[in-house]
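The next block holds one structure in the form of structure tokens; read it before the comments.
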There are 2 protein chains.
Amino acid sequence: MKAELKQHCPNDANVNCANCRLNSICLPLALRQDEITQLDDIVQRGRPVQKGQHLYRQGENFQSIYAVRSGAIKAYSTTDDGEEQVTGFYFPGEILGMDGIGQNRYASSAQAMDVSAICEIPFHRMEELSGKLPSMQKHFFKLLSQEIVEDQRHITLLSKNSAEERLAALLVSISARHARRGLSATSFRLPMSRGDIGNFLGLTIETVSRVFTRFAKQGLISIANKDVTLIDLEKLKETANVF
Amino acid sequence: MKAELKQHCPNDANVNCANCRLNSICLPLALRQDEITQLDDIVQRGRPVQKGQHLYRQGENFQSIYAVRSGAIKAYSTTDDGEEQVTGFYFPGEILGMDGIGQNRYASSAQAMDVSAICEIPFHRMEELSGKLPSMQKHFFKLLSQEIVEDQRHITLLSKNSAEERLAALLVSISARHARRGLSATSFRLPMSRGDIGNFLGLTIETVSRVFTRFAKQGLISIANKDVTLIDLEKLKETANVF
DNA sequence: CGTCCACTTGACAGTACTCAAAACCTGTGG
DNA sequence: CCACAGGTTTTGAGTACTGTCAAGTGGACG
């Protein structure tokens, strides 16, 4: 019973990669048991990050990449002229901070949207491990490559799709990521503000609000504050051009 | 005299990484002399790729990454609903194809916009080499990370900037990449069509044309077909929010 | 020299933005 | 427990930028 609890409390200090319930979608994904132990040795688990707190800030020396264990993180970059662009939302099992590798400085800032539990992985140790474990190196190359593909999908979304299509795509994406963790695909809480959503999707806050209202009137979703229910997921997927 | 020529003819079969005039901005960038030799062993240099020909197509098995030696390549992906999105333009010294690593299939297609000389680098050999040479691994992580940062910059461009700002940003970017190779920063030929430019920037062909005309009337550029001269590079940089 | 295709230009329309105000949560303190 | 202040979200009215449709121009190439 107690061991059971340990496994399921994301803030328990006794969590490790081997018993983490996210290990099938997170970094250990491609590793053998003995390799997971080696990974585990370099992972640091601190105390929970409070809402609004930063994991790292743009321009800081790059030290670590981070895995989300619970909660939700947003990444955003600030342009020379002071404007902010939300570049991604990160949920449990997802890795962030890899944009810092190229310049040895973080190219974006990462902020908790909820109380979150985070695994910190010092990159230089990760590099060492990748040199030793080909499967680790391969997996890491994959992670980076997939982030590129993700970003290019987002570029397409911004370049080609209407406000409705963009918002539908975001809802469908969050839905799928919830489902992957065994949670409801149709009912969840949006951890981010309307402003963050709009910023991420290249829309104003007013447009986001209006489209939500339109979706609700069409019976596609029901929404109360940050709690959404996807009533017609199929139609949303069609709208999002996800077939 | 003959050795001199060899170094400067991009289609010469005797080129190698050690004597390639691009080696300071291309893959060998971070390598020692003896390491460059090892890299050179796995690089394949075929005959020139003709205009319109593909290096690889979306969905094909991922085998190699490619370095542009001369000419220019565009990468584009086709969405489920058949629309095309140009995801990048690649000039000499730049690496493409890395979006294939994650899924073992190319996530985009790559097509020559001019006759081009290309170096092909089989990825599995590159992985091996990375396992042996920490500096190669590090450099490769960097490359991938930088592509992510690039893509995020492009996301910001599409999300926040007007048609004029986007086009100015593209001109300034191409200018900088020319300058890096020792070519004119202010006068060059655009290898891509107006359609490709518009597609890349999330604009229609008509808008691209109109903005070019506007820039010309304002004395920022002069443009005749594909030949551009950046008359007021400073003002263009301002417009592009590049400080 | 003529055809084809890429590009330019014009007129008009529509989606999303801006500005403004109202409604609604949330948390605090009386 | 209620009242209130601050912030967030919703809604409305008007505008503007870019897209659409259509026609015309001009290079490139056979």
Side-chain angles (χ1 to χ4, degrees), chain A residues 50-52 74 83-86 111 113-115 156-171 189-218 220-228 239-241, chain B residues 50-52 72 74 83-86 111 113-115 156-171 189-218 220-228 239 241:
Chain A
Q50 295 305 311
K51 182 173 172 170
K74 77 165 174 183
E83 282 207 281
E84 285 187 0
Q85 172 69 42
V86 173
Q111 186 177 30
M113 298 186 290
D114 271 332
V115 183
T156 307
L157 192 72
L158 295 180
S159 172
K160 297 266 183 303
N161 294 103
S162 67
E164 300 208 350
E165 291 164 341
R166 293 183 210 181
L167 201 51
L170 179 63
L171 290 174
R189 188 174 160 282
L190 296 170
M192 68 293 279
S193 69
R194 300 288 190 274
D196 287 335
I197 294 174
N199 192 313
F200 179 64
L201 295 176
L203 302 169
T204 58
I205 194 170
E206 293 96 329
T207 300
V208 172
S209 179
R210 277 185 252 269
V211 174
F212 270 142
T213 311
R214 222 176 296 157
F215 280 172
K217 279 185 182 155
Q218 293 169 352
L220 297 181
I221 64 169
S222 85
I223 185 160
N225 301 317
K226 308 211 157 185
D227 297 309
V228 225
T239 308
N241 296 316
Chain B
Q50 294 306 310
K51 182 173 175 171
K74 77 165 172 183
E83 283 207 280
E84 285 187 0
Q85 172 68 44
V86 173
Q111 188 177 29
M113 298 186 292
D114 272 332
V115 184
T156 306
L157 193 71
L158 296 180
S159 171
K160 297 264 182 304
N161 295 104
S162 67
E164 300 207 350
E165 290 164 342
R166 293 183 209 182
L167 201 51
L170 179 64
L171 290 174
R189 188 175 160 281
L190 295 171
M192 69 292 280
S193 69
R194 300 287 189 271
D196 288 335
I197 294 175
N199 191 313
F200 180 65
L201 296 176
L203 302 169
T204 59
I205 195 172
E206 293 95 330
T207 300
V208 171
S209 180
R210 276 186 253 270
V211 174
F212 271 142
T213 311
R214 221 176 298 157
F215 279 173
K217 279 186 183 154
Q218 292 168 353
L220 298 181
I221 65 171
S222 84
I223 184 159
N225 301 317
K226 307 211 158 188
D227 297 310
V228 225
T239 308
N241 295 316

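Note that these values count all heavy atoms, side chains included, but never hydrogens, waters or copies made by symmetry. In the text below, chain A, chain B and the rest are named by the order of the sequence lines, each starting its count at 1.
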Protein-nucleotide distance (Arg166(A), atom CZ; dC17(C), atom P), rounded to Å: 8 Å

dC21(D) base / Glu206(B) side chain donor-acceptor hit below 3.5 Å: yes

Selection from dC7(C), dA16(C), dT11(D) that lies nearest to any side-chain heavy atom of Ser209(A): dT11(D)

Thr204(A) side chain near dT18(C) phosphate (N/O to OP1/OP2, under 4.0 Å): no

Whole-Å distance separating the CE atom of Met192(A) from the C1' atom of dT8(D): 16 Å

Inter-residue atom distance Glu84(B).CD - Lys160(A).NZ, 0.5 Å rounding: 8.5 Å

Side chain of Thr213(B) (C-beta onward), nearest among dT11(D), dT9(C), dG19(D): dT9(C)

Side-chain donor/acceptor of Arg210(B) to base of dT20(D), under 3.5 Å: yes

Any Thr207(B) side-chain N or O less than 4.0 Å from OP1/OP2 of dT18(D): no

Nearest-Å distance for atom pair CZ/P, residues Arg214(A) and dT10(D): 13 Å

Length of the line joining Leu201(A):CG and dC17(C):C1', which is rounded to integer Å: 16 Å

Distance (rounded to the nearest 0.5 Å) between Leu220(A) CG and Leu167(A) CG: 10.5 Å

Nearest-angstrom distance from the residue atom CG of Leu203(B) to P of dT20(D): 11 Å

Rounded interatomic separation in angstrom, taking CG from Leu190(B) and C1' from dG27(D): 16 Å

Side chain of Ser193(B) - closest among dG12(D), dC7(C), dT9(D): dC7(C)

Interatomic distance where CG belongs to Asp227(A) and P belongs to dC25(C) [whole Å]: 12 Å

Euclidean distance, Arg194(B) CZ relative to Leu203(B) CG, rounded to 0.5 Å: 13.0 Å

Of Arg189(B), Lys226(B), Lys74(B), the residue whose pairing with Asp114(B) passes salt bridge (Lys or Arg N to Asp or Glu O under 4.0 Å): Arg189(B)

Separation of atom CZ in Phe212(B) from atom P in dG26(D), rounded to whole Å: 19 Å

Leu170(A) side, atom CG; Glu165(A) side, atom CD - distance, nearest 0.5 Å: 14.0 Å

Sugar-phosphate only, base, or nothing, as touched by Gly202(B) at under 4.0 Å among non-hydrogen atoms: sugar-phosphate

Position toward the 5' end of DNA chain C (nearest nucleotide), Val208(A) or Asn225(A): Val208(A)

